[in-house]
2 protein chains.
Amino acid sequence: MTDAAETGETSSRRRLPPSERRRQIVDGAVAFFAEVGLDGNTRDLAKRIGVTQSLLFNYFATKDDLIEAVYEKVYLGRLSPDWPERLTDRSVPLRRRLLDFYTEYSTLIFEYEWMRIFMFSGLYGAELNRRYLKHLGDVILKPLLGEIEHAATSGASPVMEDIWNLHGGIVYIGIRQHIYRTPCPDDPSEAITRAVDRFLMSFGIGEG
Amino acid sequence: MTDAAETGETSSRRRLPPSERRRQIVDGAVAFFAEVGLDGNTRDLAKRIGVTQSLLFNYFATKDDLIEAVYEKVYLGRLSPDWPERLTDRSVPLRRRLLDFYTEYSTLIFEYEWMRIFMFSGLYGAELNRRYLKHLGDVILKPLLGEIEHAATSGASPVMEDIWNLHGGIVYIGIRQHIYRTPCPDDPSEAITRAVDRFLMSFGIGEG
DNA sequence: ATTTTTATAGATCATTTGATCAATAAAGTT
DNA sequence: AACTTTATTGATCAAATGATCTATAAAAAT
């Protein structure tokens, strides 16, 4: 079976608009590097996409540039800008807000490519990774802390580490699934609901 | 500065007993691969250890064999065999047992080399990684579930995913510290204590 | 002291791999 | 239909890299 056959191409040399070809390369690179790691080689990547290896360097000067594009692609739009607002909308019960957020967020991030690229880029010290986590902390988790503080009725008041703990416990489901590839619930929503409820209960937050 | 100077060697050719040299190589490889990733090259590794690159292949037939030795070294003895017993010793309050376990366990695993080798090996699908997690689940977390069930006084009874959630929330501290290299508490024990207490409280478990 | 053994170094091989460049053909233009 | 443009290919380079092999010197054995 030829590469052309694999990608459904019919001619051996298909000429695409540069923007489209670029997108195709980045998409292929995301899938490829997520699977084999960022040290995957450009020949295997090209074969998988169905183009020549040299073509990659027509669109990206270096392999690092391509990886940078992979980062951008994967990280882009992962954090919806309307969440800060929705998370602090006190006309909605806090439990509802939390569940809505983590239900949406988990479907966004419990995804093979994102999870693995995120982890690889983190391990290799990518700037984007740290920026993302700082951003997450600033625009999601810090406001969340404020909401918990506001709603808390029991004596103990939450600190930032508590929020990270809630977050980490949930994210860890995705890590088990896509990094360690260990048995996991197919639908994490129940586990998430239980985690959120435990968290709220511990601060004396009920239905309000 | 020569390599010999870096490692404190005086002669340019120091002859060591094979067992000692092997240990030196594995130790160096653990530190090296943890830092730069498993795709780090053998020349840099050898330079760092202070030996020639060819010597590595006198002790390990292939680079993969060396990495396998790195895995063994890092994974070995990470799960103390007496924890299952201590975790189920009902003469000790459950809270105490949980705190003791996670205090000890976190000092063991919140370690640069372990955290990163574990993550790299997980990403690359190492068999040892999955074996370790299965073992952890079987001999630590499952018994833990039994203890929570036994002590729970509130209506809701715990399921295995709840235990993984507790565990993941704690492990995530180490991930933030060593994988993402993001700001973290220097001493995680307070965060751990709070997480454990929240967890117990949500199942109606107090001081008993 | 002399010989033997073997841990280590240095040189080198064979692939792998990122990157380059001229030739080519597919699409657009006149 | 002829011409121009340029996306793509195929061949190739240069460096990196895992691995091998022989010479050597540091111990051990005699």
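Just so it is clear: chains get the letters A, B, ... in the order the sequence lines come, proteins before strands, and each one is counted from 1. Just so it is clear, the model here is predicted, and its values are computed rather than measured.
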Distance check needed: [N] [atom2] versus [X] [atom1], whole Å only.
{"X": "B:F57", "N": "D:dT20", "atom1": "CZ", "atom2": "C1'", "result": "10 Å"}
{"X": "B:K63", "N": "C:dT16", "atom1": "NZ", "atom2": "C1'", "result": "12 Å"}
{"X": "A:F60", "N": "C:dT20", "atom1": "CZ", "atom2": "P", "result": "15 Å"}
{"X": "A:L45", "N": "C:dT16", "atom1": "CG", "atom2": "C1'", "result": "16 Å"}
{"X": "A:I25", "N": "C:dG18", "atom1": "CD1", "atom2": "P", "result": "15 Å"}
{"X": "A:D64", "N": "C:dG18", "atom1": "CG", "atom2": "C1'", "result": "10 Å"}
{"X": "A:L56", "N": "C:dA19", "atom1": "CG", "atom2": "P", "result": "11 Å"}
{"X": "B:L66", "N": "D:dT17", "atom1": "CG", "atom2": "P", "result": "16 Å"}

Are any of A:N41's side-chain N or O atoms less than 4.0 Å away from OP1 or OP2 of C:dT16?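 Negative; the distance criterion is not met.
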Heavy-atom contacts, protein to nucleotides 7-12 of chain C, under 4.0 Å, summarised as B (base), S (sugar-phosphate only) or - (none) per nt, yield BBBB-B
Got a sec, which residues hit side chain to side chain contact (heavy atoms under 4.5 Å, CB included) with A:E111, two or more places apart in sequence or on another chain?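 Side chain to side chain contact (heavy atoms under 4.5 Å, CB included) check on A:E111 returns A:R78, A:E113, A:W114.
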Looking at residues at least two apart in the chain, or sitting in another chain, which of them share a side chain to side chain contact (heavy atoms under 4.5 Å, CB included) with B:H135?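 With sequence neighbours excluded, B:H135 shows a side chain to side chain contact (heavy atoms under 4.5 Å, CB included) to B:L79, B:V139, given in chain and number order.
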Could you work out, with side-chain hydrogen bond (donor to acceptor under 3.5 Å, both in side chains) as the rule, every residue matching A:S91, not counting sequence neighbours?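 For A:S91 the side-chain hydrogen bond (donor to acceptor under 3.5 Å, both in side chains) partners, ignoring immediate neighbours, are A:D89.
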Assess the pair A:H167 and A:F199: is the distance between their ring centroids shorter than 6.0 Å?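 A:H167 vs A:F199: aromatic centres not under 6.0 Å.
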Which atom pairs, donor and acceptor, lie under 3.5 Å between side-chain atoms of residues 70-77 of chain B and protein residues at least two apart or in another chain?
| unit_1 | atom_1 | unit_2 | atom_2 | d |
| --- | --- | --- | --- | --- |
| B:K73 | NZ | B:D27 | OD1 | 2.9 |
| B:Y75 | OH | B:S121 | OG | 2.7 |
| B:Y75 | OH | B:N129 | ND2 | 3.0 |

Taking salt bridge (Lys or Arg N to Asp or Glu O under 4.0 Å) as the cut-off, I'd like each qualifying pair that reaches into residues 132-142 of chain A, sequence neighbours left out, listed once.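 Listed once each, the pairs are A:K134-A:D138, A:D138-A:K142.
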